[in-house]
Participant: 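Quick one: structure below, then a few questions.
As the structure is a prediction and not an experimental result, all values here were calculated from the model. Side-chain atoms are counted along with the backbone in the values below, which use heavy atoms only and exclude waters and symmetry mates.
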Amino acid sequence: MYEEYFRLSDAPFRLNPDPRFFYGSRSHNKAMAYLHYGLKQAEGFIVITGPVGAGKSMVIGHLLDQLNASNIVAANLLTSNIEPEDLLSQILSAFRIEPEGEGRTGEIEAFEDYLFDQLNRGRRVLLIIDEAQNLPFKTLEELRMLSNIDYEGTPLFQVFLVGQPEFRTIMEQPDMEQLRQRVIASYHLETLSEEETRDYILHRLAVAGWREDPTFTAGAFKAIHEETLGLPRRINTLCNRLMLYCSLEEKHEVTAKVVATVCAELKEEKLESRKPAAAMPPVAKIEEELPDEEAPAEESSTEEHVEDEVVSETVAHQEVEISAGDEPSDGDADEKIVSLESERARMSAAAQEPEMEETVDEEKHEATAPSSMSVLDRLRAKKDTGARHEATLTDVASAIRAASEGAAPGIEESSAAAESDLTDATRDVSESAWRSAIVRSIDETREELKRANSNVVSLSRSVSAAEERRKERRSKIAASLGRAEALLDELRSAEG
């Protein structure tokens, strides 16, 4: 939003790590040096820790951006809370490896084949695990065992562990001794100093095409550092809001006062978000079936009770406003009492209007229906005229029961016709439901066949790819044997 106002080419303070905006502070450059040292060693574990928002993900992203894909194959394992039996399958998924066999044996064979294949191509395999403090102890042990895979003393698999400060406490436990011996380098990221905070903000603005609009004063940089404690993620959040505030208020200078104003707004938003939501009012249980004589009385009593509550709440609210203000004079009190009485009368009249309209509609409908009509005829007439309350099956059943207890012959004919209509309607509904079920079953079967066909195609492709890889390995082995035989022949000829 503010990018257009300040004519920036990009958002300078994104929360997601972007290697283009990497700022090399003293601590971050040192962490990068440890990571590059670990890559040169090509073995063991590298551990990088730091507080939340210190820029660990940015360091890893910057490292991956610098890696040469022709020499190193890297994968980032984002899901860290993994059980030991699921670790290998997660690693295979991270490197896009499809095991040919089933079970753990098939997964191990697929992983070893992948490591040997990358070795033949002159590449090393690197696994990066973020949020390593969430890894269970048994999962770390499983990871250590996987790091033992080598070929004639050449390690094939290396791991970088990135986590929060509590991961250092986990590593110091006595049962982690074997893993600690595999760690060749470890570093803890530190927060930015006040000078580094200033350079960090200016660096990100410059990458985004900043033209010194808005400008930042020295007091603003100091206030930002004091508020964020030098954590890059907090700096990004605060600076985003500062830029937005300046664009909305049309300000072109960020001062310490502006920083204080935005910080107050952020704290107020956090407090508002922590306030518990108001409880929902209790809903009265509505009886499903009520006698014909009692239902209208209960509905009217419920409506009158709700109306009285609304009127009483309004009057009480106005009375509270009177009591909360200054002490009124006698004339003001009389005027407020008169206004309260008029407000009560107005709300009572407004609440009675729907009831009066319903009464008038019912009287009109009853006047249009002849008195000689039966109960079923009245129900049908009421349905044909489009009345608001349509006849239900309960009404029809009660009408048939009343007709069978001594009604006129005309009523009996009406009840028979109603039963016939009800039977036909039920038959139509059953036939339509049966047809819908058949169509739905056919559609589901068609979808299952499609999925099965796609699975078969995918399986055949996987088998073909596996066969191609097997042929390639066999050809390489044959070529290696041919070279070995040629060397043996040369040695034999040399000895002869």
Participant: Say whether S464 and R461, considering side chains only, have a donor N or O and an acceptor N or O under 3.5 Å apart.
Facilitator: no
Participant: Show the nearest heavy-atom pair for residues P232 and A54, with the distance to one decimal.
Facilitator: CG-O, 3.6 Å
Participant: Check whether T139 reaches the backbone of L135 with its side chain - one donor and one acceptor, N or O, closer than 3.5 Å.
Facilitator: no
Participant: Examine distances only and state if a side-chain atom of S27 and a backbone atom of E190 form a donor-acceptor pair shorter than 3.5 Å.
Facilitator: yes
Participant: Run the side-chain hydrogen bond (donor to acceptor under 3.5 Å, both in side chains) test on H36 and Q66 for me, step by step, so that the C-alpha distance in whole Å, both residues' side-chain angles and the decisive distance to 0.1 Å come before the verdict.
Facilitator: CA-CA 10 Å; H36 282 289; Q66 292 180 343; 2.9 Å; yes
Participant: A side-chain contact here means heavy atoms from C-beta on lying under 4.5 Å apart; do L67 and L126 qualify?
Facilitator: yes
Participant: So, K56 side chain and G50 main chain: donor-acceptor pair closer than 3.5 Å or not?
Facilitator: yes
Participant: Do you see a donor-acceptor pair shorter than 3.5 Å between the side chains of R124 and Q118?
Facilitator: no
Participant: Kindly say whether G38 contributes a backbone atom to a donor-acceptor pair with the side chain of Q41 at under 3.5 angstrom?
Facilitator: no
Participant: When you measure from the side chain of T215 to the backbone of E212, do you find a donor-acceptor pair of N or O atoms at a distance under 3.5 Å?
Facilitator: no
Participant: Could you tell me whether the side chains of Y245 and R241 share a donor-acceptor contact shorter than 3.5 Å?
Facilitator: no
Participant: Go through N71 and R121 one step at a time and tell me if the side-chain hydrogen bond (donor to acceptor under 3.5 Å, both in side chains) criterion holds.
Facilitator: CA-CA 9 Å; N71 297 328; R121 297 173 184 267; over 6 Å; no
Participant: Is there a side-chain contact between L77 and L127 (heavy atoms, below 4.5 Å)?
Facilitator: yes
Participant: Ignoring hydrogens, what is the shortest heavy-atom contact between E3 and D10? Give both atom names and the distance.
Facilitator: CG-O, 3.8 Å
Participant: To the nearest 0.5 Å, what is the distance between CG (L146) and CG (L156)?
Facilitator: 12.0 Å
Participant: Tell me if the centroids of the rings in F95 and Y114 come within less than 6.0 Å of each other.
Facilitator: yes
Participant: Angle class for the F157/F111 ring planes (parallel below 30°, perpendicular above 60°, tilted otherwise)?
Facilitator: perpendicular
Participant: Suppose we screen for ring-ring contact (aromatic ring centres under 6.0 Å, His included). Which residues come up paired with H62, at least two apart in sequence or across chains?
Facilitator: F22
Participant: Spell out, as yes or no, whether a donor-acceptor pair under 3.5 Å connects the side chain of T191 to the backbone of L231.
Facilitator: no
Participant: In the structure I gave you, are the side-chain heavy atoms of F13 and L242 within less than 4.5 Å of one another anywhere?
Facilitator: no
Participant: Could you state the interatomic distance from CG (D150) to CD (E152), rounded to the nearest 0.5 Å?
Facilitator: 9.5 Å
Participant: Within the 3.5 Å criterion, strictly below it, is a donor on Q158 or E43 matched to an acceptor on the partner's side chain?
Facilitator: no
Participant: Please confirm whether the backbone N or O of F116 pairs with a side-chain atom of N120, one donor and one acceptor, at under 3.5 Å?
Facilitator: yes
Participant: Taking atom CG of L8 and atom CE of M243, what is their separation to the nearest 0.5 Å?
Facilitator: 5.0 Å
Participant: Just by modelled atom types, is the C246 backbone N or O under 3.5 Å from a matching donor or acceptor in the H252 side chain?
Facilitator: no
